[in-house]
Every structure is written in structure tokens, then in C-alpha cells.
Novice: 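Quick one: the structure is below, and I'll ask about it shortly.
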Amino acid sequence: QVQVVESGGGSVQAGGSLRLSCAASGRSFSNAAMGWFRQAPGKEREFVAAIHWSGASSSYVDPVKGRFTISRDNAKSTVLLHMNSLKPEDTAVYYCAQVDSTNWSHPLFESHWGQGTQVTVSS
């Protein structure tokens with residue numbers, strides 16, 4: 001029900017910062033828990049962060065805790081991922097997706113991934 005377009009990726013040196021944006025559409029966006037996932041070449045797609053539909057709470061995978069912050073603006077139908085202190089292991093294509101409200105680490109629709117946005121962190 002929620003369609004997304006990711007942007008904001010780029011190339012940075014280790015220790016740098018980036019802000020990823022997810023422009024969403026769909027009448028259900030304001031009621032949908034949203035999350036970010038990432039996938040490096042040759043690796044499985046992994047959960048990064050998710051946020052409650054109201055923005056009142058969030059969840060992060062251990063490697064990014066304290067460095068990444070997920071936020072949302074329901075009025076603008078956007079989800080952001082602020083990434084600080086980036087590390088080479090953060091290099092991946094980042095995807096935004098609606099997540100299962102009862103299990104935020106899983107996308108609600110596995111077959112509906114978008115193009116994603118590339119993040120490259122050099123050492």
C-alpha cells in the first residue's frame with residue numbers, strides 16, 4: 001500500500017555523515033510502521049532501523065545504535081535516516097519499506113523493494 005522512493009546516498013570518508021530520505025505515497029503511510037534495510041554485494045539484505053507510525057518509538061540493529069537515527073514527518077510523507085560516524089562496513093544499497101507492525105525487522109511486502117540508494121564509505 002505504501003510506495004517509496006529513496007534518495008540521499010553518496011560517497012563519504014569513514015567518520016562522515018549522510019542523510020537518507022524516503023519519499024512515500026499511499027493513504028496508509030501515516031498509519032504504517034516504516035523501516036530502513038541495506039544490502040551489500042554478495043550479502044543478504046539486513047534490517048537497519050524502523051519507526052512506529054506515530055514516530056514515538058524506534059528500533060535499530062546493534063551495529064548502528066548510537067550512530068544512526070530514524071525519523072519521520074507524516075505531514076510530508078517522508079522518512080529520514082541520519083547516519084553519523086559512518087564506517088566502511090556501512091557500505092550498501094539502502095532501502096526504505098513498510099514493515100510488519102508486530103515485527104519491525106521484516107518488511108510487510110517482501111516482493112516490493114524499490115531501487116534503493118547507494119551509500120559508499122571509504123577507509
Side-chain angles (χ1 to χ4, degrees):
Q1 290 183 304
V2 177
Q3 297 181 333
V4 300
V5 177
E6 302 94 340
S7 64
S11 298
V12 298
Q13 293 184 322
S17 300
L18 283 173
R19 185 183 72 173
L20 305 186
S21 297
C22 172
S25 63
R27 296 183 64 186
S28 64
F29 174 76
S30 295
N31 295 321
M34 300 293 295
W36 286 93
F37 299 78
R38 64 186 181 185
Q39 185 172 29
K43 296 184 178 180
E44 296 292 314
R45 198 188 312 269
E46 67 173 345
F47 167 78
V48 176
I51 188 167
H52 186 261
W53 66 265
S54 70
S57 61
S58 58
S59 180
Y60 303 88
V61 67
D62 285 342
V64 310
K65 288 182 178 178
R67 299 189 298 118
F68 291 9
T69 301
I70 187 171
S71 62
R72 69 189 298 162
D73 185 337
N74 287 346
K76 296 182 178 180
S77 297
T78 58
V79 182
L80 304 177
L81 185 66
H82 300 264
M83 306 186 295
N84 299 314
S85 301
L86 284 163
K87 303 175 180 180
E89 50 264 45
D90 294 320
T91 295
V93 176
Y94 283 70
Y95 301 88
C96 177
Q98 184 175 358
V99 299
D100 188 332
S101 63
T102 64
N103 187 354
W104 290 4
S105 66
H106 294 273
L108 188 60
F109 304 104
E110 183 65 37
S111 63
H112 293 85
W113 296 104
Q115 291 295 109
T117 185
Q118 177 71 50
V119 171
T120 302
V121 184
S122 60
S123 60

Novice: Which heavy atom in G8 sits nearest to a heavy atom in L18, and how many Å separate them?
Specialist: O-CD2, 4.0 Å
Novice: Is the count of non-hydrogen atoms from other residues, nucleotides or ligands lying under 6.0 Å from H82 atom NE2 greater than 12?
Specialist: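 Counting neighbours around NE2 of H82, more than 12 heavy atoms of other residues, nucleotides or ligands fall under 6.0 Å, so yes.
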Novice: Nearest 0.5 Å please: distance from the CG atom of N31 over to the OG atom of S101.
Specialist: 10.5 Å
Novice: Do other residues, nucleotides or ligands put more than 12 heavy atoms under 6.0 Å from the CZ atom of R67?
Specialist: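 Atom CZ in R67 is crowded, with more than 12 foreign heavy atoms closer than 6.0 Å.
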Novice: Who are the side chain to side chain contact (heavy atoms under 4.5 Å, CB included) partners of S54, not counting sequence neighbours?
Specialist: H52, A56
Novice: Rounded to the nearest 0.5 Å, how far apart are CG of N74 and NZ of K76?
Specialist: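 Going from CG on N74 over to NZ on K76, the span is 12.5 Å.
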Novice: Where the side chain of D90 meets the backbone of K87, is there a donor-acceptor pair that is under 3.5 Å apart?
Specialist: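 Checking the backbone N and O of K87 against the side chain of D90, a donor-acceptor pair under 3.5 Å is found.
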Novice: Sequence neighbours left out, what passes salt bridge (Lys or Arg N to Asp or Glu O under 4.0 Å) with D73? Give chain and number order.
Specialist: none
Novice: When you group the ILVMFWY residues by side-chain heavy-atom contacts below 4.5 Å and let the links chain together, are W36 and F29 in the same group?
Specialist: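 Cluster IDs for F29 and W36 match.
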Novice: Going by the angle between their ring planes, with limits at 30° and 60°, are F68 and Y94 parallel, tilted or perpendicular?
Specialist: tilted
Novice: So how far is it from S59 OG to N103 CG, rounded to the nearest 0.5 Å?
Specialist: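 One gets 9.5 Å once the value is rounded to the nearest 0.5 Å.
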Novice: What pairs with E46 under salt bridge (Lys or Arg N to Asp or Glu O under 4.0 Å), at least two apart in sequence or on another chain?
Specialist: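 Once residues adjacent in sequence are excluded, the partners of E46 under the salt bridge (Lys or Arg N to Asp or Glu O under 4.0 Å) criterion are R38.
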Novice: Between the main-chain N or O of V121 and the side-chain N or O of T91, is there a donor-acceptor pair closer than 3.5 Å?
Specialist: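 Confirmed, T91 side chain pairs with V121 backbone.
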Novice: OG/S77 to CE/M34 distance, rounded to the nearest 0.5 angstrom?
Specialist: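 The distance works out to 9.5 Å.
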Novice: When you group the ILVMFWY residues by side-chain heavy-atom contacts below 4.5 Å and let the links chain together, are W53 and I51 in the same group?
Specialist: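 I51 does not cluster with W53.
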Novice: When rounded to the nearest 0.5 angstrom, what is the spacing between OG in S123 and CD in E89?
Specialist: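 Atom-to-atom, S123:OG and E89:CD are 10.0 Å apart.
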Novice: Any side-chain heavy-atom pair from L108 and V99 closer than 4.5 angstrom?
Specialist: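 Not touching, per the 4.5 Å side-chain cut-off.
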Novice: Give a yes or no answer on whether the side chain of E6 reaches the backbone of C96 with a donor-acceptor pair at less than 3.5 Å.
Specialist: yes
Novice: Taking ring pair (Phe, Tyr, Trp, His ring centres under 6.0 Å) as the criterion, tell me which of W113, F47, F109, F37 meets it with Y95.
Specialist: W113
Novice: Taking side chain as C-beta onward, heavy atoms only, is V12 less than 4.5 Å from M83?
Specialist: no
Novice: Ignoring hydrogens, what is the shortest heavy-atom contact between A92 and A40? Give both atom names and the distance.
Specialist: CB-N, 3.9 Å
Novice: Looking at side-chain heavy atoms only, is the closest gap between T69 and Y60 below 4.5 Å?
Specialist: yes
Novice: Quick one: CZ on R72 to CG on L80, what's the gap to the nearest 0.5 Å?
Specialist: 10.5 Å
Novice: If you take all heavy atoms of T117 and G9, which pair is closest and at what distance?
Specialist: OG1-N, 3.0 Å
